[in-house]
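Hydrogens, waters and symmetry mates are skipped; everything else that's a heavy atom, side chains included, is used. The chains referred to below are lettered A, B, ... by the order of the sequence lines, with proteins before strands, and numbering in each begins at 1. These numbers come from a predicted model, not from an experiment.
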There are 2 protein chains.
Amino acid sequence: MLNNPTIKDVAEKANVSVATVSRVLNGLTGFSAETEVRVRNAIAELGYQFNAVARNLKLKKTNIIAVLIPQVETTFYVKILNGIEDAAQNCGYSVMVCHVGISGNRTQEYIKMLAERQVDGIIGCSLPPDEKIDTLMAECEIPCVLVSTLSSRYSIPYIRVDDFKASYAATTYLISKGHKNIAMLAGSQDDVVAGVLRLKGYRKALEDNRIPYSPKLVQYTRFSYETGLQAAKDLLNSGESFTGVVACCDEVAVGAISAAYEAGLKVPDAFSVIGYDNTRTAEMAVPPLTTVSQPLYPMGEQAFHMLQNEMEQGKKAENQILPYEIVERDSVKKV
Amino acid sequence: MLNNPTIKDVAEKANVSVATVSRVLNGLTGFSAETEVRVRNAIAELGYQFNAVARNLKLKKTNIIAVLIPQVETTFYVKILNGIEDAAQNCGYSVMVCHVGISGNRTQEYIKMLAERQVDGIIGCSLPPDEKIDTLMAECEIPCVLVSTLSSRYSIPYIRVDDFKASYAATTYLISKGHKNIAMLAGSQDDVVAGVLRLKGYRKALEDNRIPYSPKLVQYTRFSYETGLQAAKDLLNSGESFTGVVACCDEVAVGAISAAYEAGLKVPDAFSVIGYDNTRTAEMAVPPLTTVSQPLYPMGEQAFHMLQNEMEQGKKAENQILPYEIVERDSVKKV
DNA sequence: GGAATAAAGGTAATCGTTTACGTAACCGGA
DNA sequence: TCCGGTTACGTAAACGATTACCTTTATTCC
């Protein structure tokens with residue numbers, strides 16, 4: 001950090017007081033046109049650089065928000081992040097991205113750091129099922145919003161799609177294409193939303209269509225390509241027969257496609273696959289992946305505005321449920 | 001931002017001066033064991049929260065660095081970012097990620113904002129070929145380091161692999177597999193490194209192996225899946241015959257695989273493809289993509305340490321060239 | 001002409017830390 | 001006894017902005 005000129009230097013040079021410089025800088029009133037010119041000239045001549053840290057201290061507001069994400073390895077977070085960032089920037093906020101790690105073990109230090117740095121708000125994206133994390137968020141006294149997840153014990157406002165319904169719809173979609181033996185590559189069951197609810201939706205859809213549920217057709221993953229690949233291999237090796245697969249996310253779905261490839265099979269000929277999230281991974285898959293689309297970018301934008309409401313008006317936002325949509329590509333065929 | 005207790009409150013409660021509280025807080029000397037206990041108890045009782053903004057103002061150091069990236073849509077940046085973040089966190093720094101946009105049009109406002117926020121340093125990742133961007137970085141008087149790119153006009157320290165050599169090696173690899181008609185899906189030619197140098201490496205490899213260069217076998221992309229797909233389609237439609245494709249990045253390579261899929265062809269049967277970067281996209285492709293691996297995570301780590309050197313010792317780091325490696329998977333076959 | 005009002009701009013306290021400098025108490029050695 | 005050195009603090013001035021509260025001057029209206 002350099003020894004930049006301050007508003008005091010500007011004030012001296014322009015022969016006014018610091019108050020006047022500040023007024024000019026902030027577009028307030030209380031100075032004449034010619035004073036403004038003198039001040040602006042002094043600023044230009046000195047190469048004056050505004051110091052936001054000083055302002056933040058005085059105003060007790062940093063205009064920084066933090067976004068907590070488990071990992072960015074998947075493109076899932078990218079769209080949310082873009083939505084948050086664009087909205088934040090339009091409103092004069094900067095965002096600090098924090099990878100709390102998939103196990104959430106760095107969360108505690110992170111939240112402490114954020115509190116010290118006086119961030120104005122925190123957005124938690126699809127956080128890992130760590131017991132402590134929502135406690136920390138609830139107790140740190142900083143406005144918080146959750147995206148694509150919820151807290152089971154605290155009333156932290158959230159924005160997400162209805163995972164139960166979406167998963168129900170995905171399964172029903174396969175059924176409508178004539179599939180009867182449908183496997184599920186589920187997420188970790190300690191994840192309340194993406195794990196538990198999506199599995200429940202799958203089961204309910206089977207039930208409502210009088211298809212018996214078989215635990216043997218369910219494999220568990222950790223939402224990653226690698227675990228998806230392994231789970232799909234296990235499924236193929238189990239000897240169970242199936243023609244459709246519902247995946248808990250796109251990466252896992254692509255893992256299933258890769259497992260088929262390794263086994264010399266082809267999707268959707270050998271079996272159909274439907275993903276979840278409609279990330280870039282889904283577009284780029286071979287074959288392109290049919291998937292449940294979440295409006296990730298808008299979710300990010302709205303999450304920011306919910307947070308902004310709390311930061312600026314002090315009132316907690318209402319929870320929001322956004323619509324999903326099935327995007328049809330080439331990974332599902334009629335049987 | 002709440003009205004937290006300050007060290008003044010702590011000082012009163014513990015019956016000491018603020019200086020003593022500060023000394024305890026910072027692990028300095030100059031207080032007795034029993035005083036320390038009193039201070040720590042007061043801190044605990046009041047629920048005192050340290051205020052980093054005040055310290056930053058006083059010390060003229062924020063311990064925040066910014067990372068400028070065009071977009072995070074690709075997993076390319078993710079590994080670099082992880083490397084930077086881990087290293088930064090170990091050294092007590094926080095990182096602020098800034099998406100300057102693929103066209104770099106937000107760069108100017110961003111750098112101004114970063115200067116105002118008094119960030120201690122900036123890392124520019126693979127920045128877009130905007131004329132102004134390195135000028136801004138060079139002139140903002142904040143320590144800067146470039147990753148996977150370089151500035152043609154300013155001496156900003158950089159860390160990257162030798163793109164010319166790596167691209168030469170990728171092309172030579174295809175040649176060693178018996179390929180003679182090798183196409184290139186190049187990047188934008190206004191990108192000095194990933195665009196120009198990788199094309200040059202390709203041409204030199206052809207030349208050294210006495211294979212005539214044909215401009216018709218070169219298509220240009222913008223490093224994205226979409227432009228890669230389109231370029232590969234154009235190539236297929238051009239009627240030129242080729243058995244191998246060198247891509248400027250993994251996403252473009254996957255675009256080529258998808259173009260083959262759409263045309264009813266298969267990789268590597270119809271043609272072989274070699275990618276660049278070894279991102280997750282390469283692992284997840286069907287077939288898994290043979291690619292040039294850049295040590296992205298270590299690049300991120302080292303970039304941070306180069307920056308740290310300049311921030312803390314004030315001396316610019318030496319440029320660094322890191323080794324590449326060809327990772328063999330299933331997208332290339334012998335002809 | 002005088003009172004009221006508005007406009008222009010200055011003074012100084014404040015935000016919550018860090019730290020240079022001062023001081024009092026204590027100890028040990030000659 | 002006196003001196004020098006150490007330890008354990010306290011005092012107060014920064015850091016660079018914002019802003020409440022003045023003061024001065026000009027303008028307006030009866």
[X], nearest nucleotide to its side chain (from [options]):
{"X": "A:T35", "options": "D:dT19, C:dG9, C:dT19", "value": "C:dG9"}
{"X": "A:R23", "options": "D:dC9, D:dT18, D:dA20", "value": "D:dA20"}
{"X": "B:R55", "options": "C:dT18, C:dA12, D:dG10", "value": "C:dT18"}
{"X": "B:L57", "options": "D:dG16, D:dT19, C:dT17", "value": "D:dG16"}
{"X": "B:A54", "options": "C:dG16, D:dC9, C:dG10", "value": "C:dG16"}
{"X": "A:N26", "options": "C:dG9, D:dG10, D:dT18", "value": "D:dT18"}
{"X": "B:K60", "options": "D:dC9, C:dT17, D:dC15", "value": "D:dC15"}
{"X": "A:S32", "options": "C:dT18, C:dA8, C:dG10", "value": "C:dA8"}

In whole Å, I'd like the distance from the [atom1] atom of [X] to the [atom2] atom of [N].
{"X": "B:E34", "N": "D:dT7", "atom1": "CD", "atom2": "C1'", "result": "13 Å"}
{"X": "B:N4", "N": "C:dC15", "atom1": "CG", "atom2": "P", "result": "14 Å"}
{"X": "A:N56", "N": "D:dG16", "atom1": "CG", "atom2": "P", "result": "14 Å"}
{"X": "A:L46", "N": "D:dG16", "atom1": "CG", "atom2": "P", "result": "14 Å"}
{"X": "A:L28", "N": "D:dT19", "atom1": "CG", "atom2": "P", "result": "8 Å"}
{"X": "A:K8", "N": "C:dG10", "atom1": "NZ", "atom2": "P", "result": "15 Å"}
{"X": "A:N51", "N": "D:dT18", "atom1": "CG", "atom2": "P", "result": "10 Å"}
{"X": "B:I7", "N": "C:dG16", "atom1": "CD1", "atom2": "P", "result": "10 Å"}

Sugar-phosphate, base or nothing in reach of B:D9, heavy atoms under 4.0 Å: nothing
Sugar-phosphate only, base, or nothing, as touched by A:S22 at under 4.0 Å among non-hydrogen atoms: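 Contact class for A:S22: base.
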Residue-phosphate contact under 4.0 Å: B:T20 side-chain N/O, D:dG10 OP1/OP2: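 Yes, within the criterion.
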Distance below 4.0 Å between B:T6 side-chain N/O and C:dC15 OP1 or OP2: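 Looking at the OP1 and OP2 atoms of C:dC15, neither is under 4.0 Å from any side-chain N or O of B:T6.
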From CA spacing to verdict: salt bridge (charged side-chain N to carboxylate O under 4.0 Å, His left out), B:E12, B:K8: CA-CA 6 Å; B:E12 266 170 36; B:K8 208 173 152 192; 5.5 Å; no
Which residue lies more 5' along DNA chain D, comparing A:Q49 with B:K58 via nearest heavy atoms: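 Of the two residues, B:K58 wins.
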Side-chain donor-acceptor contact under 3.5 Å, B:H305 with B:Q302: no
Examine distances only and state if a side-chain atom of [X] and a backbone atom of [Y] form a donor-acceptor pair shorter than 3.5 Å.
{"X": "B:N309", "Y": "B:A317", "value": "no"}
{"X": "A:R117", "Y": "B:T62", "value": "yes"}
{"X": "B:D86", "Y": "B:G83", "value": "no"}

Given DNA chain C, 5'-ward residue of the pair A:V18 and A:A33, judged by closest heavy atom: A:A33
Residues A:K13, A:N15; criterion side-chain hydrogen bond (donor to acceptor under 3.5 Å, both in side chains); working and verdict: CA-CA 5 Å; A:K13 181 134 201 153; A:N15 251 308; over 6 Å; no
